[in-house]
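For reference, the structure is listed below as structure tokens.
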Number of protein chains: 2
Amino acid sequence: MGLTRTEIFTDEQNLLASLFKALAHPARIAILQRIILSNTCICGDLVGELGLAQATISQHLKELKSAGLIQGTIEGVSVCYCINPKVWKLLENKLGEFLGSYKGTTECC
Amino acid sequence: MGLTRTEIFTDEQNLLASLFKALAHPARIAILQRIILSNTCICGDLVGELGLAQATISQHLKELKSAGLIQGTIEGVSVCYCINPKVWKLLENKLGEFLGSYKGTTECC
DNA sequence: ATATTATATCGCAATATTACGATTGTTATT
DNA sequence: AATAACAATCGTAATATTGCGATATAATAT
């Protein structure tokens, strides 16, 4: 027990859940917003801006990276991060499709 | 440690994260898809369809309910669930706003 | 009243997540 | 070569999540 039974769900359901999971933390939302806002790569400025320890931010960045949402390039002594456009589009499509599948037409409960 | 430092983030960031968190499990995606598909209230049919124990499903329903995504009405001996249109719309708006804030214009990394 | 059916809650074990100090690499500067 | 700056990883503690059996609750049916 204590471990998600992914094998009983469809790939689609597991994919959607994992995408939502990557977004399911305010620090990761904040990081993404910060990257988007600066409209370019962001190199190292995150630590100190967010109020979390360096190790913690690095861990969140790793999660965003392994979900494919961001990509990083080594730029001298620091690392630059930016949105991965391809995965972001996928995210928009999949999540939009999922949310859009509900047409709030029939009144019930 | 081990507890999310919500106080250092904005209400917006915490709201988004909590909505995403409610969606960050394949069972809860499956439940929502099932409710949406039947296009009406769904009463009790979930147990047996999903392959999870009744207690587990009840727990996931509770999480979806406390996130406001679904609402339940007692219908005799069983309970009927349906999407909460208001919160679903909010989710669509917030998510669209968040995802749409990235215009993949500038090539960087 | 008792039994039946459907759902919620409790209690527990296993696993995952969050956070951070300390350490380790890696590159640039002196 | 030594130092500085930055980021990743390790190790660990605290907390949260997941799953389920057992039990409790609530409404209907007999």
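Just so we're on the same page: letters track the sequence lines, and every chain starts at 1.
- A sub-4.0 Å separation between OP1 or OP2 of C/dA6 and a side-chain N or O of B/Y81 is absent.
- Nucleic acid contact for A/V77: base, since at least one base atom lies under 4.0 Å from a heavy atom of the residue.
- Nearer the 5' end of DNA chain D, as judged by each residue's closest nucleotide, is the contact made by A/V47, out of A/R5 and A/V47.
- Distance CG (B/L3) to P (D/dA16): 6 Å, rounded to an integer number of Å.
- Rounded to an integer number of Å, the gap from B/L23 CG to D/dT17 P is 14 Å.
- The phosphate of D/dG19 (OP1 or OP2) has a side-chain N or O of B/H60 nearer than 4.0 angstrom.
- When the side chains of ILVMFWY residues are joined at heavy-atom separations under 4.5 Å, either directly or via intervening members, B/V79 and B/V77 end up in two distinct hydrophobic clusters.
- For B/K89, the NZ atom is densely surrounded, since the number of other residues' heavy atoms within 6.0 Å is greater than 12.
- Using a 4.5 Å heavy-atom threshold, the side chains of A/N14 and A/T4 count as separate.
- Put simply, B/K21 has a side-chain N or O that comes within less than 4.0 Å of OP1 or OP2 on D/dT17.
- Whole-Å rounding puts the B/Q59 CD to C/dT15 C1' distance at 14 Å.
- A 4.5 Å side-chain heavy-atom check between B/L19 and B/L95 finds every atom pair outside the cut-off.
- Looking only at distances, no side-chain donor or acceptor of A/R34 sits under 3.5 Å from a matching main-chain atom of A/E49.
- Looking at which nucleotide of DNA chain C each of A/T4 and A/G76 is closest to, the 5′-most match is held by A/T4.
- The stretch residues 48-57 of chain A touches DNA chain D through A/Q54, A/A55, each having a heavy atom under 4.0 angstrom from the strand.
- If you check every strand for non-hydrogen atoms under 4.0 Å, A/S78 touches sugar and phosphate atoms only.
- In this entry the distance linking NE2 of B/H25 with C1' of D/dT17 reads 8 Å, nearest Å.
- The nearest whole Å value for the distance from the CG atom in A/D45 to the C1' atom in D/dC6 is 12 Å.
- Counting non-hydrogen atoms under 4.0 angstrom, A/E63 reaches the backbone sugars and phosphates but no base.
- Picking from D/dC20, C/dT7, C/dA19 the nucleotide with the shortest atom distance to the side chain of B/V79 gives C/dT7.
- Distance, A/L61 CG to C/dT18 C1': 15 Å, rounded to whole Å.
- For B/K62, no side-chain nitrogen or oxygen approaches OP1 or OP2 of C/dT7 to under 4.0 Å.
- Here D/dA26 presents its P atom at 18 Å from CD of B/E75, a figure rounded to the nearest Å.
- Ring planes of A/H25 and A/H60: tilted class, angle from 30 to 60°.
- Judged purely by atom type and a 3.5 angstrom limit, B/R28 uses its side chain to pair as donor or acceptor with the backbone of B/K21.
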